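A quick write-up on the structure given underneath.
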Amino acid sequence: MSEALAPVVVKEIPPKAADLSAWYTAACLKAELVSYSPVRGCVVLRPYGFGLWENLRTHLDARFKATGHENAYFPLLIPESLLLKEAEHVEGFAPEVAWVTQGGSETLSERLAIRPTSEVIIGTMYAQWIESYRDLPILINQWANVVRWEKATRPFLRTMEFLWQEGHTAHATAEEGRDETLRILELYRDFAENVAAVPVYAGRKSAGERFPGAVETFAIEALMPDGRALQSGTSHDLGQNFARAYDITFVDADQQIKHAYTTSWGVSWRMLGGLIMVHGDDRGLRIPPKMAPIEAVFVPIVRSGDDRAIEVCTTAAQRLRQAGFRVRVDTREEQPGWKYSEWDLRGVPVRIEIGPRDVDAATATLARRDRDKSDKEQRRTVALDSLAEVLPELLSDIQTSLYAQAKAFLESHTYVVQDRAEFFKLCKDRAGMVDIAWCERAECEALVKAETSATTRVLRPLEGANATCVVCGEPAKVRAYFAQSY
RNA sequence: CGGGACGUAGCUCAGCUUGGUAGAGCGGUGCGUUUGGGACGCACAGGUCGCAGGUUCAAGUCCUGUCGUCCCGACCA
């Protein structure tokens, strides 16, 4: 093997394919996205990780605003008596609610839940705000932290405290509520695929996977490299369940008092975990350009008595920043090769190398993170003046290529199955998304889970008639993707 | 919450079986030489061995408890 083609050796993280868990944890820590904290199950989101979260927030927030939603903020603490009003909801969340029982030195007369989600407190406020059909719809989103007392935690995928957004809306009719639920589902799908570059299956959840208290739950599900599915966003049609529990009523145009129809929907920083696992490779993260805190990093190459590259990089970076690019200049006193590896690990889409040769020729050498060193097209040299024109195209191409790779993986790991034995084997082996005609019976789903640990991820309408359930032979009602999940 | 493994320098770990002066590599700091895929020399700094009890003349090492991390299940976003 010639020296030029020697594989890039990564010391900090283990190979991805050998042990996805070990790779994932190391990647999150070494890329400086998160640090473990003194609090069990809670991570610190470091500046680079927060940058990633901010980009998620910016893109989703713009989509929420564009569809008529407004941001607001509700209390972190929820009185127990309020929480108890919706039985199914309480039962669903009881095992993971953290409680405040003491304030200063005084024991509280009523304990306060730290929100695991905010349907309760927001529903209570909606009951006060809504009087007439003219007050509807209410379309509110909250960016917040929530706490769920988890037993096993992992960075982003499951932490006791996590950041998310939760949308809560109220409508005059069932149709409007359902439309909202589906509008958001599509918004999430669009964000996941076109911004995070994570292809997903979107659809309805089975009754067993439904949000506690919801009439219907919809979700987007992504496929991780180990063949497990990651629920990456949910949208719930709550019907009138919460309106009844929290007395959200209004006088309609026909002068009748009616309960409102509500929805809730959320995406958490868990989606970042999905993005990391889906796109990363043995060298570390590969962040899709639209989500990247740093789109391009300048690495000036200096020699003894020749540090002109630093000045050239700084000037070029300043110009790109003014043009709206997110760039950084790495002026640390390290070897260029060391910096290449570090920025590879941190997943910056484009590296801009400028050395003495480039300074003399007024050029810059671009290296793209989605290609390997052995790929002749990983690097190209362009005129320094043309960076602002070349970059958008390059970033866009990287975005597209990352999505295409992930899409190809999802498609090649989706199995349409007719045979029962094959279905069970694929589920048990964590082969990926296993697509069957299904009867939609809870007992059938429970059986599959007991045998294989796989559950339904999302359901979609059945095409054609007279299909039977691949698992039990009863008449099929839907098509279902089964997979083991995170 | 069950089963398993592990907590010793910033990181990865050795030392524990058989109690007796706290170790290595990497990393850090300073100076110098280097710099287009993880450079090198010299010098320096860095630890109440996760925490709390106990046994002992003496505990990183033995005992008990506790907290945390990872893996596999169960549960959950």
Side-chain angles (χ1 to χ4, degrees), chain A residues 3-14 19-22 24-26 29-30 35-43 92-97 116-117 146-160 162-164 166 205 208-212 217 219-222 229-236 264-271 273-274 283-284 299-307 309-310 332-345 351-359 363-365 367 372-374 378-379 381 449-450 453 455 457 484-486:
Chain A
E3 202 178 321
L5 291 179
V8 175
V9 179
V10 178
K11 299 175 191 166
E12 280 81 359
I13 58 174
D19 183 348
L20 184 65
S21 279
Y24 175 78
T25 306
L29 295 172
K30 296 291 183 181
S35 268
Y36 286 114
S37 74
V39 192
R40 182 182 81 81
C42 296
V43 296
F93 279 101
E96 39 187 354
V97 173
T117 177
V146 291
V147 169
R148 297 182 188 180
W149 212 257
E150 297 290 348
K151 288 151 188 167
T153 61
R154 310 184 59 193
F156 295 124
L157 301 176
R158 176 163 294 107
T159 48
M160 295 222 307
F162 58 91
L163 297 182
W164 76 345
E166 47 180 328
K205 282 287 188 182
E209 297 281 322
R210 199 174 283 156
F211 178 76
T217 287
I220 54 171
E221 293 271 344
L230 184 74
Q231 180 170 300
S232 305
T234 50
S235 185
H236 313 292
S264 69
W265 27 275
V267 157
S268 76
W269 70 19
R270 171 183 251 197
M271 188 179 274
R283 284 186 284 147
V299 177
I301 295 150
V302 304
R303 292 185 205 287
S304 320
D306 182 1
D307 60 359
I310 294 176
R332 293 175 298 175
E333 290 181 24
E334 299 286 355
Q335 301 281 112
W338 188 93
K339 293 180 183 177
Y340 296 172
S341 297
E342 161 128 330
W343 292 113
D344 277 355
L345 171 58
R351 181 177 69 239
I352 305 174
E353 304 167 14
I354 296 182
R357 292 201 298 270
D358 295 296
V359 173
T363 58
T365 302
D372 196 76
K373 187 188 166 193
S374 61
Q378 187 207 15
R379 291 176 203 228
T381 298
K449 186 171 187 183
S453 315
T455 52
R457 301 328 299 157
Q484 293 187 34
S485 73
Y486 270 89

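All chains are named by letter (A, B, ...) in the order of the sequence lines, taking the proteins before the strands, and each is independently numbered beginning at 1. The structure presented is a predicted model; accordingly, all values stated were derived computationally and were not measured.
With rounding to whole Å, A/Glu334 atom CD is found 13 Å from B/G38 atom P. One interatomic measurement links the two molecules: CD1 of A/Ile310 to P of B/G36, which rounds to 14 Å at whole-angstrom precision. Atom CZ in A/Arg283 sits about 10 Å away from atom C1' in B/G37, given to the nearest Å. Atom NZ in A/Lys151 sits roughly 16 Å away from atom P in B/G73 (whole-Å rounding). In this entry the distance linking CE of A/Met160 with C1' of B/C67 reads 13 Å, nearest Å. Atom-to-atom, CD of A/Gln378 to P of B/G36 comes out at 15 Å; the value is rounded to the nearest Å. Atoms CZ (A/Arg303) and C1' (B/G36) sit 7 Å apart, rounded to a whole Å. Spacing between atom NZ of A/Lys30 and atom P of B/G10 amounts to 14 Å, rounded to whole angstrom units.
The two residues A/Gly355 and A/Ala309 make their nearest non-hydrogen contact at CA-CB, 4.5 Å. Heavy atoms only, all atoms of each residue included: A/Glu353 and A/Asp358 are closest at O-OD2, 3.6 Å. For the pair A/Met271 and A/Ser232, the tightest heavy-atom approach, listed with the atom from each and the gap, is CE-O, 3.4 Å. Heavy-atom minimum distance, A/Glu150 versus A/Arg40: O-NH2, 3.3 Å. Contact between A/Leu29 and A/Tyr36 at its shortest, heavy atoms only, is CD1-CE1, 3.8 Å. Here the closest heavy-atom approach between residue A/Glu334 and residue A/Lys339 is recorded as O-CE, 3.7 Å.
Map A/Arg379 and A/Gly92 each onto its nearest nucleotide of RNA chain B; the residue landing nearer the 5' end is A/Arg379. When the nearest nucleotides of RNA chain B are assigned to A/Ala22 and A/Arg210 by heavy-atom distance, the more 5′-ward of the two goes with A/Ala22.
Comparing the C1' positions of B/G46 and B/G23 gives a spacing of 13 Å, expressed to the nearest Å. Spacing between B/G28 and B/G20 at atom P, rounded to whole Å, works out to 34 Å. Spacing between B/U17 and B/C63 at atom P, rounded to whole Å, works out to 9 Å. Comparing the P positions of B/C49 and B/G60 gives an interatomic distance of 6 Å, to the nearest angstrom. Rounded to the nearest Å, the gap between the C1' atom of B/U55 and that of B/U61 is 13 Å. Comparing B/G15 with B/A24, their P atoms sit 15 Å apart, to the nearest whole Å. Between B/C1 and B/C57, the distance separating the two C1' atoms is 45 Å to the nearest Å. The gap from the P atom of B/G19 to that of B/C42 amounts to 40 Å, rounded to the nearest Å.
Every residue two or more places apart in sequence or in another chain was checked for a side chain to side chain contact (heavy atoms under 4.5 Å, CB included) with A/Ala94, and none qualifies. Residues satisfying the ring-ring contact (aromatic ring centres under 6.0 Å, His included) criterion with A/Tyr340, sequence neighbours excluded, are absent altogether.
Within 4.0 Å (heavy atoms only), A/Pro95 reaches no atom of the nucleic acid at all. No contact: A/Thr234 has no heavy atom under 4.0 Å from any strand. As judged by a 4.0 angstrom heavy-atom cut-off over every strand, A/Arg351 is placed among the base-contacting residues. Nucleic acid contact for A/Leu230: none, since no nucleic acid atom lies under 4.0 Å from a heavy atom of the residue. When heavy atoms are screened at a 4.0 angstrom cut-off, A/Asp19 is found touching no nucleic acid atom at all. Contacts of A/Glu353 with the nucleic acid, taken as non-hydrogen atoms under 4.0 Å apart, include base atoms. Backbone-only contact: A/Lys449 has heavy atoms under 4.0 Å from sugar-phosphate atoms and none from a base. Contact annotation for A/Thr159: base contact, defined as any heavy-atom pair under 4.0 Å involving a base atom. In this structure, A/Phe162 reaches the bases: a heavy-atom distance under 4.0 Å links it to at least one base atom across the strands shown.
Nucleotide B/G2 is matched to B/C72 when pairs are restricted to Watson-Crick or G-U wobble geometry with both distances under 3.5 angstrom. Across all strands shown, nothing is found opposite B/U61 as a Watson-Crick or G-U wobble partner with both distances under 3.5 Å. When Watson-Crick and G-U wobble pairs are counted only if both distances are under 3.5 Å, B/C11 pairs with B/G25. Nucleotide B/G46 forms no Watson-Crick or G-U wobble pair with any nucleotide shown, as no partner meets the under 3.5 Å limit on both distances. The partner of B/C31 is B/G41, by the rule that a Watson-Crick or G-U pair needs both atom distances under 3.5 Å. When both distances must be under 3.5 Å, the Watson-Crick or G-U wobble mate of B/U55 does not exist.
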Restricting both atoms to N or O, compile the protein contacts to nucleotides 68-70 of chain B shorter than 3.5 Å, with distance only.
from  : atom 1 : to      : atom 2 : distance (Å)
B/U69 : OP1    : A/Gly41 : N      : 2.9
B/C70 : OP1    : A/Tyr36 : OH     : 2.4

Between N or O atoms, less than 3.5 Å apart, protein on one side and nucleotides 39-43 of chain B on the other: list the pairs.
from  : atom 1 : to       : atom 2 : distance (Å)
B/A39 : N7     : A/Gln335 : OE1    : 3.2

For nucleotides 4-8 of chain B, print each protein N/O atom paired with a nucleotide N/O atom at under 3.5 Å, atom names and distance only.
none

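Which of B/G38, B/C1, B/C76 sits closest to the side chain of A/Ser341 comes down to B/G38.
Between A/Glu342 and A/Arg351 no salt bridge is recorded (no basic side-chain N to carboxylate O distance below 4.0 Å).
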Residue pair A/Val359, A/Arg357: steps toward the side chain to side chain contact (heavy atoms under 4.5 Å, CB included) verdict: CA-CA 5 Å; A/Val359 173; A/Arg357 292 201 298 270; over 6 Å; no
- request: Please step through side chain to side chain contact (heavy atoms under 4.5 Å, CB included) for the pair A/Arg148 and A/Thr117, ending with a clear verdict.
  value: CA-CA 9 Å; A/Arg148 297 182 188 180; A/Thr117 177; 3.7 Å; yes
Solution key, residues 151-159 of chain A side-chain donor-acceptor pairs under 3.5 Å, sequence neighbours excluded:
from     : atom 1 : to       : atom 2 : distance (Å)
A/Arg154 : NH2    : A/Ser21  : OG     : 3.4
A/Thr159 : OG1    : A/Glu161 : O      : 2.9
A/Thr159 : OG1    : A/Trp269 : NE1    : 3.4

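A donor-acceptor contact under 3.5 Å links the side chain of A/Thr365 to the base of B/G36.
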